[in-house]
Structure formats: structure tokens, C-alpha cells
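In this chain, numbering begins with 1 at the start of the sequence shown. Both backbone and side-chain heavy atoms feed into the values below; hydrogens, waters and symmetry mates do not.
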Amino acid sequence: MLQETLEQGQDTVFVISFTPEQGKNFEGLEGLLYINSNGWAVQNVIAASAGDDDKRGIKLQQQYERVGPQQKWFPTELDVELTVPQITLSGHQPYAHMRTYITNINLNPDLRRSEFGVVALKQNLDANRQPESFFQDYRPDSLNQLEQRTYARLDSIGRAQKLDRTIRTMEYLMNKQIPIGVLSLDLNRLLKVSNFEGLRLGLGAYTNDRLSERFKVGGCWGYGFKDDEAKYGADAAVILSQPMALQLKAVYFEDVLETGGRRLAFEEERGLLGNLHRAMLPDMDYTTHKSIALRGRILRYVQAQAQLRQEERRPTLLAQEDNTPPEFNLTEAVVSIRYAPGEKYMQQFNRLLPMPQQEHPVLWLQYTRGFNDFLEGDYAFHKYDARLQTSFRHRTFGESRFILAAGLVEGNAPLVARYNGYGSYNPDYRVYAGEGFETMQSYEFFSDRYAALFFSQNFGKRLLNTRFFAPDLVAVTNIGIGSLNQPLPDLPENSINSMRKGFFESGLMLNNIISSAFSGIGVGAFYRYGPYALEKSKDNLCIKLTASLLF
């Protein structure tokens, strides 16, 4: 709505108010736009969260000026105020006011694309230890008495409430490491729960940058109380080139791996919850692993790895009557590539974090060559893997996420080197695992060639948004097809099924029914249909909990 028309010299400024349309379920902003008739440019924006949803508290203002010989409009000041009403610290609500001033603007800088890397934002480790004079050289304004008293008050409250300790704890959770001198404890190793191992307690420690930025060594140990077995390992890495993130790494471990699982280099981390698909597996391969790998960034958006590994796999899925699993010795050379055009990172909390709200495709390509009569390897085969992940955002329908995966094995490969169906159904652990088939049992199907599509449509709160019930609505459809053309000499004929007729399932999730600023719990229903649907309809329906963490 046009609210006001202002004269500004020879120009006219039109003040326009905006707000989400009445009756629409839309998490938007409301505020004012100042449009200058000189170029019909935005001169000023004032906006704040619309509605009375207590989970959002944001106010922002952006001011633009004409700069340079060309008198082009450019942002010069950005103000943002943030509140998190869900969080209180001893009766105090967190509040942040950020001001950004942009000066010395050059609209035609002499810069080359090669001068910019994938790290778009970097926080120096000593950023909080700079002298006051450092900031005064850049600060366009001085603190008034109210602001000075606010800082003094905040410091005293922080010391009394030990806010520094709380912030450090948050940093450790995001980094998943606790530094103790020159060592860092790995939080991922402390506690795990799975169907196969039961409760697993462990410890992992690695050297950190306080000892050296050029090399890292460490080890881990864990014990599963259900399978009554200890797991342990060690690794060492040498940084050969920091700009290319080029490193040489050697790894040894005695642990468990998934039978017929997918192992792609540079896969995304899954936070403290870890890989929930792995937790559902009723059987695993006890594995002795030795490898050496060279990895790095060979182009701006391309990461590559070359690895040579030797493994002895002992799958409990094929255990004999005396519970002794057979042994499979594999020697493999693996070449992996990850291509993510447009991907950006920020370096904070002593680690690289992907920039939020990125919408770019990510492609993984991997080739594995199995060797016979080399480093104790018994199987010669070729294995090809591909995975494509992308997402799209639409202001009406929300976020669409697609994952395409495919694989092919040619030659004499054992069951542990083929592909399982990637199912995550376990009647004892009804938790949504994510990528994979939620109604398929873990080892219900095996293939030596397959293709799969995993699709999810996150409508957010667009369709269900009331004062007392506002979950995120997500629709899911998963499709897979595969065949088992090469015989498996270690198994009886027709003892393994392949999904050559096509496997289909769809589901609906209500995420964040119970939510906080850092976590959420919801529920999902998934239904199995098509050629592999079960006889009883109720057996095709699966209800699962959904869980999410900020870190």
C-alpha cells in the first residue's frame, strides 16, 4: 500500500508498506519500502517478523546511497535485531543488534575470479583478542553512555551466569570436539546406540592445531555391550597444501561396516545424531581395515580422492551354524570425485561449515577396482557409483529435495561388495532414518546394479499453522529398482532377492511437533506399495518418529 510521497530535491520518494496477505498461511515480513524515482531504486527498507509467532523475532533495516562517479545505488548500512523468545537465561532473553557499515566502495575493482576461494567467511582464531585500538580504526561511531553501561552490565551478568562456559559448550557441540591442551576429544565416539551393538561406549582423541597445523594423529576405542566386542583404530594425516586442502592420510581400524553399504568419499556429516540408517541394521561386517588416501580440492568446486585399501570382512549376516562368519579378503583401489558448483563455506569454531540456504546440485562419482592376488585380495571386479543431490525452493510450495543414486558391479564381487536395498525398517527402532527406504527391511534385497530416487517436499508451516499446532509438513516418495545378474558362489541359489520389479513407498511427516530453538520431534507415516507390497495392508504401513538437531 502506498503510504506517503516525499519530495527529496529533484527526486520523489514513495513510501510503500507491505505485509502478508490476510488469510494466507505465510511466514513473512512486514514493513516499509522507500523507492526513489531516480532509477526507481530501493533507498531504504524497514522490515520485521509478521504475526505473533513467538518463535521468530527479527527486525532489519537496509539503507542505500548513490556512490561512485556513476552514482549507482549501493547498500551502505545494514541493521539487524534478533531475539529468541523460546530461550531464557536466568530470566534474561538473548538479544542481538548487529550493525554493518559499508565504506570505501569501489564499483569497478581490479579483481580476478581466481582470487576467491570456497571460503566466503572466515573468523580468525584470535578475533576476540584484538586490542581496542584495532576496532577504533574501523568503527564509524563511538559508544554512547547507554551502550557502555550495557556492555559493562552484560560482562557482569556473563561472569555471574558463566555465559562463556555456555558459549564454549555450544562451540564444542557444533565442532563435536572438546579441546584439552594439544588433544581434542571426539564427541561422536562417546556414546552410540544401535540394534547390532546395543549400547556402545567409547573414546576418541586427536591432536589439534595447538600442536601442529600440518599433521594430525589420533585413535579411538569403543565397546558394544550387545555384541560383546571391542572396536579400535588409529589414523594419521599430513597436510601437504593448505590452499588445496591436500592431505595424505593413513587409517587402520577393527570395527563394523554395513554389508553391501554405500561408501562415498566426501559425504556430508549428519550431526550428533549420526547416521540413523546404520543404527537400524541387525547384522554388520566385522572388518579389519588398512588404507592410505590422498585427497584435496583440485578445482574451485571439485574435490578428489585416490585411495588404496585392504579389508578383511566377516559378515554376521552369513554366519554359519556355529555363529562363525565367513571371511572375505578385498583389495581395492578407489577414485572419488565430488562436484558442488557454487558451494561456499564459512570458517568458524575452528572448522569449515557450509553456508546456510545454499541451493546447488552436488554430484558424487566413484570408481572402485577390486584386485585378485594383490595384497591378499581374492576378488577382481569393477564398481561404479554415482549420486546426485539437489534442492529447489519455491515461495508457495516450499523446498523440493531430490537424491538420485545408482551403482553397477561387474566381475567376481562377494556379497559384501554388492548393494543392499538400503532399507531402514526395524520393528524395534521406529525412527526415521532419512535417505533410504523406510518400509524395507535392511537386507531384504541385494543387487549388483541399481537406481533409486529419493524425493521429499517440505511445505514447512504453509498448510498447518495454528497458534497451538504448527508442524512442518513433509511429503516423501522413494523409488528403487535393481537386479542381481552375477551369481554369488558363497550363497545358495535364489536365497537373495533383487528389486527388479521396482520398489515403491510414499509417506507423510509432521516434523517439529514439539520443537525448541535447537531440536525438534515429530511423527511420520510411510506406506509400501507396488510389486513388493506385503499381503496384509497393515503390514505395509509404518509409523516412525522423526528427530532433528541444530548440530
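- Between L473 and L510, some side-chain heavy-atom pair lies under the 4.5 Å cut-off.
- A donor-acceptor pair shorter than 3.5 Å can be found between the side chains of S336 and Q366.
- Counting heavy atoms from C-beta outward, L415 and L317 have side chains that approach closer than 4.5 Å.
- In summary, of the residues considered (F402, F504, F392), a ring pair (Phe, Tyr, Trp, His ring centres under 6.0 Å) with F455 occurs for F402 alone.
- Here the closest non-hydrogen pair linking P282 and S442 is CD-OG, 3.5 Å.
- Atoms CG and OG1, on L318 and T259 in that order, are 7.0 Å from each other to the nearest 0.5 Å.
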L281 and Y443: side chain to side chain contact (heavy atoms under 4.5 Å, CB included), yes or no, with the steps?
-> CA-CA 8 Å; L281 300 175; Y443 299 123; 3.9 Å; yes
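- Annotation: ring pair (Phe, Tyr, Trp, His ring centres under 6.0 Å) contacts of F454 (sequence neighbours excluded): F437.
- Legend: salt bridge (charged side-chain N to carboxylate O under 4.0 Å, His left out) pairs involving residues 186-203, not counting sequence neighbours, sorted by first then second residue: D186-R189, E197-R200, E197-K231, R200-D255.
- Contact detail for Q247 and A237: the closest heavy-atom pair is OE1-CB, 3.8 Å.
- When all heavy atoms of S498 and F445 are compared, the pair lying nearest together is C-CD2, 3.6 Å.
- Seen from the ring of Y419, R263 does not count as a face-on cation partner, given the 6.0 Å and 45° thresholds.
- T546 pairs by the side-chain contact (heavy atoms from CB on, under 4.5 Å) definition with Y432, M509, N511, not counting sequence neighbours.
- Using modelled atom types and a 3.5 Å distance limit, the side chains of Y252 and E254 yield a donor-acceptor pair.
- Side chain of T331 to main chain of Q310: no donor-acceptor pair is present (N/O by atom type, distance under 3.5 Å, no hydrogens or angles).
- Counting only heavy atoms from C-beta outward, the side chains of W364 and L264 approach each other to under 4.5 Å.
- Residues meeting the side chain to side chain donor-acceptor pair (under 3.5 Å) test with Y367, sequence neighbours left out: H382.
- Among residues at least two apart or in separate chains, there is no side chain to side chain donor-acceptor pair (under 3.5 Å) pair with a member in residues 532-542.
- D235 places a side-chain heavy atom less than 4.5 Å from the side chain of K249.
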Step by step, would you call H277 with Y422 a ring pair (Phe, Tyr, Trp, His ring centres under 6.0 Å)?
-> CA-CA 8 Å; H277 165 78; Y422 214 48; 4.4 Å; yes
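- Counting heavy atoms from C-beta outward, L121 and V119 have side chains that stay 4.5 Å or more apart.
- In this structure, R500 places its CZ atom where only 12 or fewer heavy-atom neighbours from other residues, nucleotides or ligands lie under 6.0 Å away.
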Passes side chain to side chain contact (heavy atoms under 4.5 Å, CB included), V523 versus I513? Steps please.
-> CA-CA 8 Å; V523 65; I513 296 177; 3.8 Å; yes
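- Contact check for N420 versus F446: side-chain heavy atoms found under the 4.5 Å cut-off.
- The local environment of NZ in K383 is crowded, with over 12 non-hydrogen atoms from other residues, nucleotides or ligands closer than 6.0 Å.
- In this structure, the side chain of T316 engages the main chain of M284 through a donor-acceptor pair within 3.5 Å.
- Here NE2 of H289 is found 8.0 Å from CG of L257. Values are rounded to the nearest 0.5 Å.
- Using a 4.0 Å cut-off between charged nitrogen and carboxylate oxygen, D385 and R262 do not count as a salt-bridge pair.
- Taking both residues in full, the closest heavy atoms of S456 and V474 are given as CB-CG1, 4.2 Å, listed atom of the first, atom of the second, then distance.
- Within the structure, salt bridge (charged side-chain N to carboxylate O under 4.0 Å, His left out) pairs that include any residue of residues 445-459 comprise R418-D448 (at least two apart or interchain).
- Y286 pairs by the side chain to side chain donor-acceptor pair (under 3.5 Å) definition with D227, not counting sequence neighbours.
- Remark: E438 pairs with K544 by the side chain to side chain donor-acceptor pair (under 3.5 Å) rule, at least two apart or across chains.
- In this structure, L191 and L201 have side chains that are in contact, with non-hydrogen atoms separated by less than 4.5 Å.
- Here the straight-line distance linking atom CG of L308 with atom CG of L294 works out to 12.5 Å at 0.5 Å rounding.
- V302 meets the side-chain contact (heavy atoms from CB on, under 4.5 Å) test with I298, L299, I337, Y339; sequence neighbours excluded.
- We find the CG-CZ distance between L375 and R309 to be 13.5 Å, quoted to the nearest 0.5 Å.
- Minimum interatomic distance between Y301 and E343 (heavy atoms only, all atoms of both residues): CE2-O, 3.4 Å.
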Audit row: I403, L388, side chain to side chain contact (heavy atoms under 4.5 Å, CB included) steps and yes/no = CA-CA 6 Å; I403 296 177; L388 175 65; over 6 Å; no
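- Q305 approaches A265 most closely through the heavy-atom pair NE2-CB, 3.8 Å.
- Judged purely by atom type and a 3.5 angstrom limit, S241 has no side-chain atom pairing as donor or acceptor with the backbone of L246.
- Listed by first then second residue, pairs satisfying salt bridge (charged side-chain N to carboxylate O under 4.0 Å, His left out) with a partner in residues 278-298 read D285-R313, not counting sequence neighbours.
- Of the possible polar contacts, one joining the R528 side chain to the T439 backbone as a donor-acceptor pair under 3.5 Å is found.
- Here the straight-line distance linking atom CG of L508 with atom CZ of F459 works out to 8.5 Å at 0.5 Å rounding.
- Looking only at distances, a side-chain donor or acceptor of N426 sits under 3.5 Å from a matching main-chain atom of M280.
- A donor-acceptor contact shorter than 3.5 Å is absent between the side chain of S391 and the backbone of R401.
- Without hydrogens or angle criteria, Q457 side chain to F397 main chain gives a donor-acceptor distance under 3.5 Å.
- Among residues two or more places apart in sequence or in another chain, the side-chain contact (heavy atoms from CB on, under 4.5 Å) test is passed with K226 by N195.
- Taking CG of L363 as the reference point, atom CG of L404 lies at 10.5 Å (rounded to 0.5 Å).
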What do the steps show when you test L185 against L203 for side chain to side chain contact (heavy atoms under 4.5 Å, CB included), and what is the final call?
-> CA-CA 7 Å; L185 299 182; L203 184 67; 4.2 Å; yes
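- The side chain to side chain donor-acceptor pair (under 3.5 Å) test applied to R210 returns no partner, not counting sequence neighbours.
- Between the side chains of E505 and N478, at least one donor N or O sits under 3.5 Å from an acceptor N or O.
- Using a 4.5 Å heavy-atom threshold, the side chains of F328 and Y379 count as touching.
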